[in-house]
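Read through the structure below, which is laid out as structure tokens, and then see the notes.
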There are 2 protein chains.
Amino acid sequence: MERNTRQRTAIRDALESAARPLLPQEVLDRAKLAAPGVSLATVYRNLKSLVEDGLARPVNLPGESTRFERTHAHHHHHFQCRSCQSVFDVHECPGELVHLAPPGFVVQDHDLTLYGYCAPCAQSQGLQAKLLT
Amino acid sequence: MERNTRQRTAIRDALESAARPLLPQEVLDRAKLAAPGVSLATVYRNLKSLVEDGLARPVNLPGESTRFERTHAHHHHHFQCRSCQSVFDVHECPGELVHLAPPGFVVQDHDLTLYGYCAPCAQSQGLQAKLLT
DNA sequence: TTGTATGCAAAGCGTTTGCAGTGAT
DNA sequence: ATCACTGCAAACGCTTTGCATACAA
């Protein structure tokens, strides 16, 4: 049976209260506020069990280490800012991706990551919303 | 100045003759055929310089370690088979992704990865080309 | 009391780097 | 003869795991 420890609660709350996917180290930093002394190993173990229970989801961005977010009901993607490195949710999806693969290939799923500048960074750098692909 | 060593040639040829992005270990395996004794460290060093020279490109799939492919002229994406784990090029692109991001965000670039079964694996497992997103 | 969860430290794994020796120019 | 390149092994950063202890049930 699963037990409700101070650490587990702190870790779950850290994900719950975050508006964006967190790195394990970020989860640790936040969990320490409620459970001082919690270890990184415990964070990893709990993230793993949260994922297994469907309460959290791993977010793998190309070339980055795995982040975690609380499970959202809907299909979505991510946007990473090239200035502040933060990751944001993107709720739209282009869809119709099945036809992109070569004939005979079975497409089940996809990951899409957008790169550029988030609104705050774009503004502070005086960037226009250039329309590149 | 850069020197043409047996190892460098073998590594470049390994990428050149591959039809898909290779893991560093796969590059090593192939390079060893032409340059026995070549080390993994040398593979990494040469991959790095090939990327700097624009002759190779890193391919980062979510949750996978970095693969490398010879530089293609055109924009493309990748498909990973859930059965054999191989990665294939997908030459189509949905485009029009700029509009997916929230207002104020500047979208410069994107990565798209499709998942499913490649034609050989789908056939050997009797899968139909189901039309899931 | 029982046994899961935890903290610590060590081990893994992929990648990078320091160093002395090798070899292309 | 230079000095960039190489192989080896150690170092690294992130993640996982073994083990004895702590604590929820």
Side-chain angles (χ1 to χ4, degrees), chain A residues 1-16 18 20-53 55-69 80 85-87, chain B residues 1-15 18 20-53 55-69 78 80 85-87:
Chain A
M1 272 304 77
E2 220 163 64
R3 298 178 183 180
N4 284 328
T5 62
R6 197 167 34 89
Q7 294 88 335
R8 176 163 298 164
T9 302
I11 290 167
R12 190 169 40 226
D13 289 351
L15 277 193
E16 201 62 41
R20 58 185 185 81
L22 300 179
L23 295 166
Q25 181 62 54
E26 294 177 317
V27 174
L28 176 64
D29 294 341
R30 289 166 179 242
K32 272 184 175 166
L33 300 177
V38 60
S39 73
L40 194 50
T42 294
V43 168
Y44 275 104
R45 281 188 279 235
N46 277 278
L47 287 175
K48 187 178 177 186
S49 77
L50 285 171
V51 169
E52 284 167 356
D53 296 347
L55 297 176
R57 233 179 55 87
V59 175
N60 287 303
L61 297 207
E64 302 271 312
S65 50
T66 305
R67 289 172 167 79
F68 295 84
E69 65 183 358
Q80 183 169 36
Q85 311 305 320
S86 289
V87 175
Chain B
M1 273 302 77
E2 219 162 65
R3 296 176 183 181
N4 285 328
T5 62
R6 195 167 36 88
Q7 294 90 333
R8 174 163 300 165
T9 302
I11 290 167
R12 189 168 42 226
D13 288 352
L15 276 193
R20 58 184 185 81
L22 301 179
L23 294 167
Q25 181 62 55
E26 294 177 317
V27 173
L28 177 63
D29 295 339
R30 289 168 180 240
K32 271 184 176 165
L33 301 177
V38 60
S39 72
L40 193 49
T42 294
V43 168
Y44 276 103
R45 280 189 279 237
N46 277 279
L47 287 175
K48 188 177 176 188
S49 78
L50 286 171
V51 169
E52 284 167 356
D53 295 349
L55 297 177
R57 232 179 55 87
V59 175
N60 287 303
L61 296 208
E64 303 270 313
S65 51
T66 306
R67 290 172 166 78
F68 295 84
E69 66 182 358
H78 294 97
Q80 183 169 36
Q85 311 305 321
S86 288
V87 175

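Below, chains carry the letters A, B, ... as their sequence lines are ordered, and counting in each starts from 1. The figures here come from the full heavy-atom set of this structure, side chains too, leaving out hydrogens, waters and symmetry mates. Bear in mind that the values here come from a model prediction, so they are computed numbers and not experimental data.
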Quick one: is C/dG14 close enough that its OP1 or OP2 comes under 4.0 Å of any side-chain N or O from B/T66? no

Going by salt bridge (Lys or Arg N to Asp or Glu O under 4.0 Å), name the residues that satisfy it together with A/R12, two or more places apart in sequence or in a different chain. none

Atom-pair distance (CZ on B/R12; P on D/dC5), nearest Å: 12 Å

Can you sort out the partners of A/R6 under salt bridge (Lys or Arg N to Asp or Glu O under 4.0 Å), two or more places apart, ordered by chain and number? none

Non-hydrogen side-chain atoms of B/D53 and B/E2 separated by less than 4.5 Å: yes

In whole Å, I'd like the distance from the CG atom of A/L47 to the C1' atom of D/dT17. 16 Å

Would you mind telling me which residue lines up with the more 5' stretch of DNA chain C, B/L40 or A/E2, judged by nearest nucleotide? A/E2

Take A/F68 and A/L15, measure what side chain to side chain contact (heavy atoms under 4.5 Å, CB included) needs, and give me the verdict at the end. CA-CA 7 Å; A/F68 295 84; A/L15 277 193; 4.2 Å; yes

How many whole angstroms separate atom CD1 of A/I11 from atom C1' of C/dA5? 10 Å

Under 4.0 Å between a side-chain N or O of A/T5 and OP1 or OP2 of C/dT6? yes

On the nucleotide C/dA5, are OP1 or OP2 found under 4.0 Å from the side-chain N or O atoms that A/T42 carries? no

Could I get the full list of side-chain hydrogen bond (donor to acceptor under 3.5 Å, both in side chains) partners for B/S49, not counting sequence neighbours? none

What's B/S39 touching, base or sugar-phosphate or nothing? Going by heavy atoms closer than 4.0 Å. base

Whole Å only: how far is the CG atom of B/L28 from the P atom of D/dC8? 11 Å

Please produce a list of atom pairs where a protein N or O lies less than 3.5 Å from an N or O of nucleotides 17-23 of chain C.
unit_1: C/dG18; atom_1: O6; unit_2: B/R45; atom_2: NH1; d: 3.3
unit_1: C/dG23; atom_1: N2; unit_2: B/R3; atom_2: NH1; d: 2.4

Looking at A/E16 and A/R30, is any side-chain nitrogen of the basic one under 4.0 Å from a carboxylate oxygen of the acidic one? no

If you take all heavy atoms of A/T66 and A/P58, which pair is closest and at what distance? CG2-CB, 3.8 Å

B/F68 CZ to C/dG14 P: how many Å, rounded? 14 Å

For B/N4 and D/dA4, is the shortest distance between a side-chain N/O and OP1 or OP2 below 4.0 Å? no

For A/K48, which residues count as a side-chain contact (heavy atoms from CB on, under 4.5 Å) partner, sequence neighbours excluded? A/E52

Taking all non-hydrogen atoms of both residues, which atom of A/R8 and which atom of A/R3 are closest, and how far apart? NH1-O, 2.9 Å

Whole-Å distance, B/R8 CZ to D/dG7 C1', equals 15 Å

Within residues 20-27 of chain A: residues closer than 4.0 Å to DNA chain D (heavy atoms): A/P24

Between C/dG7 atom C1' and A/Q7 atom CD, what is the distance in whole Å? 9 Å

